Amino acid sequence: MTRIGILGAGGRMGRELIQAVAARPGAELAAAVVRPGSAMLGRDAGELAGTGTLGVTLGDDPAAAAAASDVLIDFTLPAAFDTNLAAARAARVPITVGTTGLDGRQLGALETAAREIPVVFAPNYSSGVTLACRLAALAARALGDEFDVEIIEAHHRHKVDAPSGTARRLGEVVAGALGRDLDAVACYGREGHTGARDAQTIGFQSIRGGDIVGEHTVLFAGEGERIEITHRASSRRTFAGGAVRAACWLVAQPPGRYGMEEVLGLTD
Ligand SMILES: NC(=O)C1=CN([C@@H]2O[C@H](COP(=O)(O)OP(=O)(O)OC[C@H]3O[C@@H](n4cnc5c(N)ncnc54)[C@H](OP(=O)(O)O)[C@@H]3O)[C@@H](O)[C@H]2O)C=CC1
Ligand SMILES: O=C(O)C1=N[C@H](C(=O)O)C[C@H](O)C1
């Protein structure tokens with residue numbers, strides 16, 4: 001039985017993760033952590049997530065969660081990430097990270113931690129997005145510099161980071177396939193007298209509204225034709241199921257930094 005601790009248990013993804021753990025054979029919820037001072041503290045995690053009582057009380061201590069778990073899953077916000085990663089590292093417990101919007105220092109800390117503990121980090125745990133990344137790389141290599149690349153993403157009104165982590169990852173993949181440095185060629189939105197488009201640009205457009213779960217399109221626009229690779233998530237269950245799958249896979253891995261491609265066995 002894989003004992004899983006969820007960090008960010010009270011959030012939109014946290015509740016889905018509690019359900020996904022409860023539904024997965026061979027996995028059990030060991031701990032569920034919410035923000036210190038949260039009104040949810042002391043409640044049963046299963047009752048919060050709608051699975052029925054699980055006998056796991058919502059706590060506020062990532063270190064205690066790490067001590068009780070074989071693997072942690074973090075879906076919080078960047079402000080909580082440092083404490084959560086430190087707890088995993090101190091307890092030498094593997095961690096599955098879904099939080100997006102991490103800065104360069106935090107991504108560096110993830111790499112450092114991966115020398116000591118197994119870490120899987122994916123900005124999107126759906127199998128479909130993992131495949132879309134592959135398709136985008138293939139298309140970029142085939143189409144080359146003749147086609148302009150724009151990445152369009154849409155999310156719910158509550159999302160706090162832009163562009164999405166998935167859009168950034170798609171940008172990295174396309175830039176890598178085209179031999180470009182994403183930091184040098186990225187263009188985040190346009191306004192005013194922008195001038196003509198630079199051929200090397202990889203553009204990002206972010207839409208926020210309503211209850212959109214998560215949509216991503218990589219647009220390759222050429223002369224006389226265009227190709228669009230689109231993924232639309234219609235339920236957070238797909239992210240939660242993928243993250244729990246990744247966590248169960250991670251407990252059997254040596255220290256290192258992994259992505260969803262490794263989890264799905266797509267590294268060839
Ligand atoms: N990799 C993937 O497949 C996916 C990644 N995500 C990412 O997961 C993250 C969470 O998304 P979502 O569930 O929608 O967001 P929510 O805002 O619903 O949940 C975030 C949770 O983290 C808690 N939290 C925030 N700050 C702190 C802090 N400083 N200390 C402790 N707890 C804190 C919040 O507590 P409180 O409510 O009290 O503020 C909340 O429960 C985002 O970064 C999102 O982009 C989302 C979907 C899929
Ligand atoms: O915040 C979200 O909701 C999502 N965030 C992830 C991202 O930033 O890419 C993944 C998914 O699109 C939902």
Side-chain angles (χ1 to χ4, degrees), residues 5-20 32-41 43 45 48-49 58-65 72-87 95-103 106-107 110 119-130 132-133 151-173 204 206-218 230-247 258-260 263-264:
I6 296 174
L7 309 173
R12 282 175 290 276
M13 278 304 300
R15 295 172 199 222
E16 290 285 350
L17 286 160
I18 293 168
Q19 291 181 18
V33 176
V34 296
R35 182 200 287 276
S38 167
M40 299 174 210
L41 278 169
R43 283 185 64 186
L48 177 77
L58 292 163
D60 64 1
D61 183 2
L72 294 172
I73 302 181
D74 174 288
F75 276 71
T76 55
L77 293 178
F81 175 76
D82 294 349
T83 305
N84 292 343
L85 184 67
I95 185 166
T96 298
V97 178
T99 303
T100 60
L102 301 176
D103 63 24
Q106 291 176 311
L107 292 172
L110 205 65
V119 174
V120 60
F121 171 62
N124 196 307
Y125 279 94
S126 82
S127 305
V129 160
T130 311
C133 285
I151 298 172
I152 304 113
E153 55 99 342
H155 284 85
H156 52 95
R157 62 166 69 106
H158 304 288
K159 186 162 179 63
V160 294
D161 56 315
S164 68
T166 307
R168 286 183 194 277
R169 173 59 53 83
L170 286 163
E172 288 164 5
V173 164
F204 291 85
S206 296
I207 295 161
R208 294 288 176 269
D211 62 356
I212 302 169
V213 173
E215 302 185 356
H216 294 88
T217 292
V218 185
T230 295
H231 178 269
R232 292 194 179 93
S234 50
S235 167
R236 289 185 179 84
R237 198 171 302 165
T238 189
F239 308 133
V244 173
R245 176 178 177 169
Y258 304 98
M260 204 52 188
V263 175
L264 298 177

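Keep in mind that what you see is a predicted model, and the values were worked out from it rather than measured. Numbering of ligands and ligand atoms starts at 1, following listing order. Just so it is clear, the values below take in all heavy atoms, side chains as well, and ignore hydrogens, waters and symmetry mates.
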Do ligand 1 and [X] have nitrogen or oxygen atoms that lie under 3.5 Å from each other?
X: G14; answer: no
X: V34; answer: no
X: F239; answer: no
X: K159; answer: yes
X: R35; answer: yes
X: G98; answer: yes
X: T100; answer: yes
X: R12; answer: yes

Discussion item. For R12, state whether at least one heavy atom is located under 4.0 Å from any atom of ligand 2.
Written reply: no

Practice prompt. Work out whether the distance between some heavy atom of V213 and some atom of ligand 2 is less than 4.0 Å.
Written response: yes

Item to complete: Establish, from distance only, whether the side-chain atoms of H216 and T230 form a donor-acceptor pair under 3.5 Å.
Response: no

Discussion item. Check R168 with E153, please: is the shortest side-chain N to carboxylate O separation under 4.0 Å?
Written reply: no

Worksheet item: Residues in ring-ring contact (aromatic ring centres under 6.0 Å, His included) with Y258, at least two apart?
Response: W249

What closest approach, in Å, do [X] and [Y] show between heavy atoms, and which atom pair accounts for it?
X: G242; Y: M260; answer: O-CE, 3.7 Å
X: F121; Y: L102; answer: CE1-CD1, 4.1 Å
X: L48; Y: G10; answer: CD2-CA, 3.9 Å
X: Y125; Y: V120; answer: OH-O, 3.3 Å
X: P163; Y: S206; answer: CA-OG, 3.5 Å
X: T100; Y: G165; answer: CG2-CA, 4.0 Å

Worksheet entry | For ligand 2, the portion of P123 having any non-hydrogen atom under 4.0 Å away | backbone

Worksheet item: Hey, is H216 touching ligand 2 through its side chain, its backbone, both or neither, going by heavy atoms under 4.0 Å?
Response: side chain

Discussion item. Less than 4.0 Å from atom 16 (P) of ligand 1, is there any heavy atom belonging to the protein?
Written reply: yes

Fill in: Any non-hydrogen protein atom less than 4.0 Å away from atom 5 (C) of ligand 1
yes

Starting from [atom], locate the nearest protein heavy atom and write down its residue, its atom name and how far away it is, to 0.1 Å.
atom: atom 9 (O) of ligand 2; value: T166 OG1, 2.5 Å
atom: atom 30 (N) of ligand 1; value: A80 CB, 3.5 Å
atom: atom 5 (N) of ligand 2; value: K159 NZ, 3.1 Å
atom: atom 3 (O) of ligand 1; value: Y125 N, 2.9 Å
atom: atom 3 (O) of ligand 2; value: H156 NE2, 2.8 Å
atom: atom 41 (O) of ligand 1; value: G11 N, 3.2 Å
atom: atom 8 (O) of ligand 1; value: F75 CD2, 3.4 Å

Exam field: side chain [X] to backbone [Y], donor-acceptor pair closer than 3.5 Å:
X: T130; Y: S126; answer: yes
X: D103; Y: Q106; answer: yes
X: T99; Y: T76; answer: yes

Discussion item. With nothing but distance in play, are any N or O atoms of G165 less than 3.5 Å from an N or O of ligand 2?
Written reply: yes

Practice prompt. State whether the shortest distance between N or O atoms of H155 and N or O atoms of ligand 2 falls below 3.5 angstrom.
Written response: yes

Fill in: Intermediate values then yes/no, side-chain contact (heavy atoms from CB on, under 4.5 Å), L85 and L110
CA-CA 8 Å; L85 184 67; L110 205 65; 4.1 Å; yes

Under 4.0 Å from a heavy atom of [X]: which atoms of ligand 1 are those, numbered in the order shown and with their elements?
X: T99; value: 43 (O)
X: M13; value: 13 (O), 46 (C), 47 (C)
X: G10; value: 41 (O)
X: N124; value: 1 (N), 2 (C), 3 (O)

Just to be sure I'm reading this right: ignoring hydrogens, which of [options] gets closest to [atom]? Compare them by their nearest heavy atoms.
atom: atom 1 (N) of ligand 1; options: A122, G8, S164; value: A122
atom: atom 22 (O) of ligand 1; options: V33, T238, T76; value: T76
atom: atom 2 (C) of ligand 1; options: A233, G37, P123; value: P123

Worksheet item: Can S38 be said to touch ligand 1, with heavy atoms closer than 4.0 Å?
Response: no

Fill in: CA sep, side-chain torsions, deciding dist, call: D74, F81, side-chain contact (heavy atoms from CB on, under 4.5 Å)
CA-CA 8 Å; D74 174 288; F81 175 76; 4.3 Å; yes

Worksheet item: Which residue pairs pass the salt bridge (charged side-chain N to carboxylate O under 4.0 Å, His left out) test with at least one member in residues 230-241, sequence neighbours excluded?
Response: E215-R232

Worksheet item: Got a second to check how far N124's CG is from H231's NE2, nearest 0.5 Å?
Response: 6.5 Å

Discussion item. Which of the numbered atoms in ligand 2 are under 4.0 angstrom from any heavy atom belonging to S164?
Written reply: 7 (C), 8 (O), 9 (O)

